[in-house]
Amino acid sequence: MDRLHYEYIKNQRPVLLLIHGFLGSMEQWDYLENGLSKHYSLLKIDLPGHGNSPEFTSPYTLESLTLLIDHILIKEKIEKVAILGHSMGGYLGSAFAKARPQKTSSLTLLNSIAGEDLKERKIMRDRSINLIEKHQEAYVNMAIGNLFTTTERALYSDRIELMKEQAHSITIKSIVHALVCMRDRKDHLMDLQNALVAVNYVYGTKDQIITTDRIEKEANYLNCKASKMDCGHMSLLTNAEDILKKMHFIE
């Protein structure tokens, strides 16, 4: 049976569900964990085929993953969570908030959006699928490099190399599954507006993956707060202190 690996750091505080992004793992929250644990119990999951989660036997959707997360909450007797999702983790967080609004106290999208892929992005996903099946190592190196600014690549070379090293252990099948899941995901923007879940955006002004314009349009549509940082896409590795300063949004 397909399952998600998770870790639950329990205390007497509200639960914060942490969902990492594509080609990442729950270890990427390490730079935030000490600060977050002062205010929350932390529930961290690994996406399918990432970190310690096994490769799934067949393609999955965000909706199917929300069921697996809900099973974890039931098992751990967790009634409600705040969600902090980075990139693909934000897509999943949006799907969960839509499916289980009564179990979602708030949703913070970190370098992420609630909307679906635009046509151009879907085409890029298809190109990535073709490339990964022929040149896995080159694709992973290129994809991860593009997540950082030129300055960040110099300042955080050790963290970037570790991310690449870990991502090289992800199977082609798992990478393709993730790309297909992101490409085919539904738009949850209107769902979030109707779900009455508090939504907040934290984003990088130099993010080349999810643009400032797209995020600000969504924030305006939902009439919610959006807080910007001077960084690229991988803020949880490069701007942990900035993120912690903005986490009062999800209290």
Side-chain angles (χ1 to χ4, degrees), residues 14 16-22 24 32 36 39-40 61-63 65-66 80-125 146-149 152 181-251:
L16 177 64
L17 172 62
L18 299 172
I19 314 176
H20 68 81
F22 178 57
L32 289 156
L36 293 175
H39 305 281
Y40 300 97
T61 64
L62 294 179
E63 287 68 31
L65 296 184
T66 65
K80 184 169 286 193
V81 293
I83 301 174
L84 174 58
H86 175 257
S87 195
M88 183 178 176
Y91 309 155
L92 178 52
S94 299
F96 185 86
K98 182 257 183 179
R100 298 289 188 273
Q102 74 280 8
K103 292 189 175 184
T104 309
S105 59
S106 64
L107 169 66
T108 296
L109 298 171
L110 180 62
N111 303 100
S112 190
I113 53 175
E116 64 183 344
D117 268 358
L118 300 178
K119 181 179 179 180
E120 295 79 8
R121 177 62 65 177
K122 290 179 184 289
I123 293 172
M124 290 180 64
R125 304 278 192 209
N146 289 340
L147 303 178
F148 299 86
T149 67
E152 289 169 348
C181 177
M182 290 188 288
R183 182 196 66 192
D184 296 343
R185 72 183 190 277
K186 299 176 182 177
D187 192 312
H188 292 297
L189 200 56
M190 187 177 295
D191 297 322
L192 291 180
Q193 186 181 52
N194 296 332
L196 301 178
V197 172
V199 181
N200 298 284
Y201 294 81
V202 181
Y203 64 99
T205 56
K206 297 176 181 176
D207 191 337
Q208 298 300 308
I209 306 302
I210 301 177
T211 64
T212 296
D213 179 65
R214 185 88 191 270
I215 291 171
E216 291 179 346
K217 283 183 179 179
E218 286 201 2
N220 288 335
Y221 178 81
L222 293 174
N223 193 28
C224 67
K225 207 156 191 176
S227 182
K228 59 187 177 182
M229 301 176 291
D230 182 21
C231 64
H233 190 67
M234 292 301 298
S235 60
L236 71 175
L237 295 184
T238 63
N239 290 67
E241 289 300 320
D242 288 338
I243 296 170
L244 288 172
K245 291 175 183 178
K246 302 175 191 309
M247 291 313 294
H248 68 277
F249 289 159
I250 64 173
E251 295 290 350

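Starting from 1, each residue takes its place in the sequence as its number.
Met234 places a side-chain heavy atom less than 4.5 Å from the side chain of His86. Proximity of Leu222 to Tyr201: side-chain heavy atoms (C-beta onward) are separated by under 4.5 Å at one or more points. At least one side-chain heavy atom of Thr238 sits less than 4.5 Å from a side-chain heavy atom of Phe148. Using a 4.5 Å heavy-atom cutoff, the side chains of Tyr91 and His188 are not in contact. Annotation: side chain of Glu218 is in contact with side chain of Leu189 (closest heavy-atom distance under 4.5 Å). Two residues are said to be in side-chain contact when any heavy atoms from C-beta on lie closer than 4.5 Å; Glu63 and Lys186 meet this criterion. Residues Asn194 and Leu196 fail the side-chain proximity criterion, which asks for heavy atoms closer than 4.5 Å. Lys98 places none of its side-chain heavy atoms less than 4.5 Å from the side chain of Thr66.
At least one donor-acceptor pair under 3.5 Å links the side chain of Arg185 to the backbone N or O of Gly115. Side-chain N or O atoms of Arg100 include none that pairs as donor or acceptor with a backbone N or O of Ala97 at under 3.5 Å. With hydrogens and angles ignored, the 3.5 Å screen pairs a side-chain donor or acceptor of Ser105 with a backbone N or O of Val81. Listed for the Gln193 side chain is no donor-acceptor partner under 3.5 Å among the backbone atoms of Met190. Not one N or O on the side chain of Glu116 forms a donor-acceptor pair closer than 3.5 Å with the backbone of Asp184.
In this structure, Gln208 places its CD atom where only 12 or fewer heavy-atom neighbours from other residues, nucleotides or ligands lie under 6.0 Å away. Other residues, nucleotides and ligands contribute more than 12 heavy atoms inside 6.0 Å of the CD atom of Gln102.
The residues Asp242 and Lys246 are annotated as not salt-bridged, no charged nitrogen and carboxylate oxygen being separated by less than 4.0 angstrom.
The two residues Leu18 and Leu36 make their nearest non-hydrogen contact at CD2-CD1, 4.1 Å. When all heavy atoms are compared, the tightest approach of Leu192 to Ala114 is CD1-CB, 3.5 Å.
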- Message: For Cys181 and Leu62: C-alpha separation, side-chain torsions, deciding distance, then whether side-chain contact (heavy atoms from CB on, under 4.5 Å) applies.
- Response: CA-CA 7 Å; Cys181 177; Leu62 294 179; 3.6 Å; yes
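Partner Ile215 forms a side-chain contact (heavy atoms from CB on, under 4.5 Å) with one of Ile113, Thr205, Asn220, Val202 and no other, that one being Ile113. Just one of Lys122, Arg183, Arg125 meets the salt bridge (Lys or Arg N to Asp or Glu O under 4.0 Å) condition when paired with Asp117; it is Arg125.
No donor-acceptor contact under 3.5 angstrom links the side chains of Asn111 and His233, judged on distance only.
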